[in-house]
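Okay, so here's the structure we're looking at.
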There are 2 protein chains.
Amino acid sequence: MSSVVAINQRARSADQKALRRQAVLETAETYFLEVGYEAFSMSKLAKKTGLAKGTLYLYFQTREELFLTLYEQSLIRWSHVFFDGLSDSMTSKAYAQKLVSTASADGTFLPLLIRLEHMIEHNVAIPRLISSKQLFIKQVEAIAEATSISLSLSEAQAIEVVKTMGVLLIGASQGDQGPSLDHEELPEDVQDLIASFSSEPLFIKNAVRIIEGIRTEAVSNI
Amino acid sequence: MSSVVAINQRARSADQKALRRQAVLETAETYFLEVGYEAFSMSKLAKKTGLAKGTLYLYFQTREELFLTLYEQSLIRWSHVFFDGLSDSMTSKAYAQKLVSTASADGTFLPLLIRLEHMIEHNVAIPRLISSKQLFIKQVEAIAEATSISLSLSEAQAIEVVKTMGVLLIGASQGDQGPSLDHEELPEDVQDLIASFSSEPLFIKNAVRIIEGIRTEAVSNI
DNA sequence: AGGTTGAAATGACCATTGGTCAGCTATATA
DNA sequence: TATATAGCTGACCAATGGTCATTTCAACCT
């Protein structure tokens with residue numbers, strides 16, 4: 001009854017298979033953090049894991065299903081970190097700040113979130129996709145509950161806030177995903193533009209506007 | 001001095017080359033609207049244009065530079081349509097409604113905007129990228145000017161609004177980019193989730209919150 | 001009119017990709 | 001120790017984006 005599967009041993013029990021799958025995911029995440037989404041190749045991942053390419057496809061139906069799994073794990077991981085950073089009666093600014101800083105700190109979460117709908121989901125079997133969406137719903141509900149307490153909002157308002165924060169996070173992150181142009185070859189106007197789309201301040205400013213907007217709507221509905 | 005270049009004729013003058021380049025772009029856009037970004041292949045585009053693949057690469061450095069050009073043209077085209085739809089003293093809701101409906105109506109603009117930073121820009125030469133960013137700045141300024149009038153905002157506020165609308169548009173569009181799941185195979189909770197991320201109402205609601213937020217900030221700064 | 005020349009166009013070719021599957025082999029069981 | 005099951009393998013496939021030596025066309029110059 002060994003709980004570790006050496007790379008040249010076969011994973012026979014369900015436990016061992018789960019372990020191997022997780023080991024592949026961990027290698028994949030490290031590799032992903034090195035090269036990013038586009039340059040990520042299944043052949044190279046096979047080499048890195050010490051397995052044959054065909055074996056990877058015993059554990060994941062497609063490259064995208066692997067990414068979907070990585071995304072799910074990063075979502076869960078991030079939401080725990082975010083939870084831990086929340087406290088009662090936060091200002092909307094502090095809340096937004098915590099949200100964006102924890103999300104940015106996880107190198108996997110945002111790059112995969114951004115590619116979820118228009119890349120990853122397009123090459124994943126539908127039942128797998130459904131289970132992923134259901135996990136997402138569960139996470140949104142959990143985050144909304146914590147949000148409701150932190151921002152003193154009703155449950156319905158908190159759900160609205162969380163969904164909207166997701167949308168805003170995707171939009172605001174976009175600005176950090178361009179090619180790295182550390183070089184000084186850029187004209188000043190272009191540098192200013194890029195600076196003005198820096199994701200964190202952009203996110204925080206607008207998150208505050210939206211949260212305050214949602215609060216106000218509730219008051220005016222009384 | 002012919003202003004049309006038959007497919008089996010050579011484009012020799014600068015004019016003819018520009019014409020041919022534009023003809024390729026038009027075929028490419030039609031093809032893109034049929035199959036989308038991922039399935040778009042340069043070999044197939046070559047067949048559709050009646051040119052050899054190598055010839056395409058005389059007119060565009062990479063697949064992505066072609067997409068960047070298509071994006072630029074769709075940005076210009078959309079902003080004209082948007083201008084035409086604006087009038088003096090609009091409500092922020094009417095403004096947001098016009099913005100999102102015109103953007104969605106252009107089948108090319110949003111799908112390319114969404115992929116700009118994390119896909120397209122990563123395979124385009126830097127000088128080309130700079131010129132594209134400068135075109136973007138120009139468009140933002142023009143749209144901001146029209147916005148300033150329509151929403152009765154200062155120029156600075158209008159620029160803030162326009163930039164933020166861009167961010168929100170990208171985030172909100174994401175929800176429409178998933179695989180088409182017309183099939184009834186989806187459980188109810190997942191269907192509800194997808195419905196709640198429908199881009200147009202999501203965009204409008206939050207655009208209003210943000211615009212009103214920007215207005216309020218200005219007042220409280222006096 | 002016929003030759004020269006430079007540049008536009010070509011398409012076979014290359015490395016690489018995601019994905020498959022017939023065959024191999026490690027291992028639990030009898 | 002023999003057998004059967006099933007995990008694993010890697011050569012193979014069709015496709016991709018991109019290249020470049022070669023071909024071909026048309027404008028120019030005798």
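Lettering follows sequence order; numbering is per chain, from 1.
- Straight-line distance from the CD atom of A/Gln16 to the C1' atom of C/dA28: 12 Å, rounded to whole Å.
- Atom CZ in B/Arg63 sits about 15 Å away from atom P in D/dT19, given to the nearest Å.
- Distances were taken from every side-chain heavy atom of B/Arg12 (C-beta onward) to each of C/dG19, D/dC25, D/dC8; the shortest belongs to D/dC25.
- Remark: the backbone N or O of A/Leu169 is paired with a side-chain donor or acceptor of A/Ser173 at under 3.5 angstrom.
- The distance between atom CD of A/Glu65 and atom P of C/dG18, rounded to the nearest whole Å, is 15 Å.
- Rounded to an integer number of Å, the gap from B/Arg21 CZ to C/dA9 P is 14 Å.
- The number of heavy-atom neighbours closer than 6.0 Å to CD of B/Glu145, taken from other residues, nucleotides and ligands shown, is 12 or below.
- Closest to the side chain of A/Lys17, out of D/dG18, C/dG18, D/dG7, is D/dG7.
- Contacts of B/Ser41 with the nucleic acid, taken as non-hydrogen atoms under 4.0 Å apart, involve only primed sugar atoms and P, OP1 or OP2.
- Contacts of A/Leu51 with the nucleic acid, taken as non-hydrogen atoms under 4.0 Å apart, involve only primed sugar atoms and P, OP1 or OP2.
- Taking the side chain of B/Leu58 as heavy atoms from C-beta on, and the options D/dA26, C/dA9, C/dG11, the nearest nucleotide is C/dA9.
- Taking 4.0 angstrom as the limit, A/Arg10 places none of its side-chain polar atoms (N or O) nearer than this to OP1 or OP2 of C/dA26.
- In this structure, OH of B/Tyr57 is placed 18 Å from P of C/dC14, rounded to the nearest angstrom.
- Counting only heavy atoms from C-beta on, B/Asn123 has its side chain closest to D/dG18 among D/dA26, D/dG18, C/dT10.
- Of the listed nucleotides (D/dG7, C/dT10, C/dG18), C/dG18 has the atom at the smallest distance from the side chain of A/Met42.
- Here the C1' atom of nucleotide C/dG18 and the CZ atom of A/Phe60 are 15 Å apart, to the nearest Å.
- By the 6.0 Å and 45° rule, A/Arg63 stacks over the aromatic ring of A/Tyr37.
- Side chains of A/Thr69 and A/Arg128 form a contact here, defined as non-hydrogen atoms less than 4.5 Å apart.
- Nucleic acid contact class of B/Tyr59 (heavy atoms, under 4.0 Å, all strands): sugar-phosphate only.
- Rounded to an integer number of Å, the gap from B/Gln9 CD to D/dC25 C1' is 10 Å.
- Applying the 6.0 Å contact sphere to CD of A/Glu188 captures no more than 12 heavy atoms from other residues, nucleotides or ligands.
- Within the structure, every side-chain polar atom (N or O) of B/Lys53 is placed at least 4.0 Å from both OP1 and OP2 of D/dG17.
- Of the listed nucleotides (D/dT19, C/dA8, C/dT17), C/dT17 has the atom at the smallest distance from the side chain of A/Lys44.
- One atom, CG of B/Leu56, and another, P of C/dA8, lie 15 Å apart when rounded to the nearest Å.
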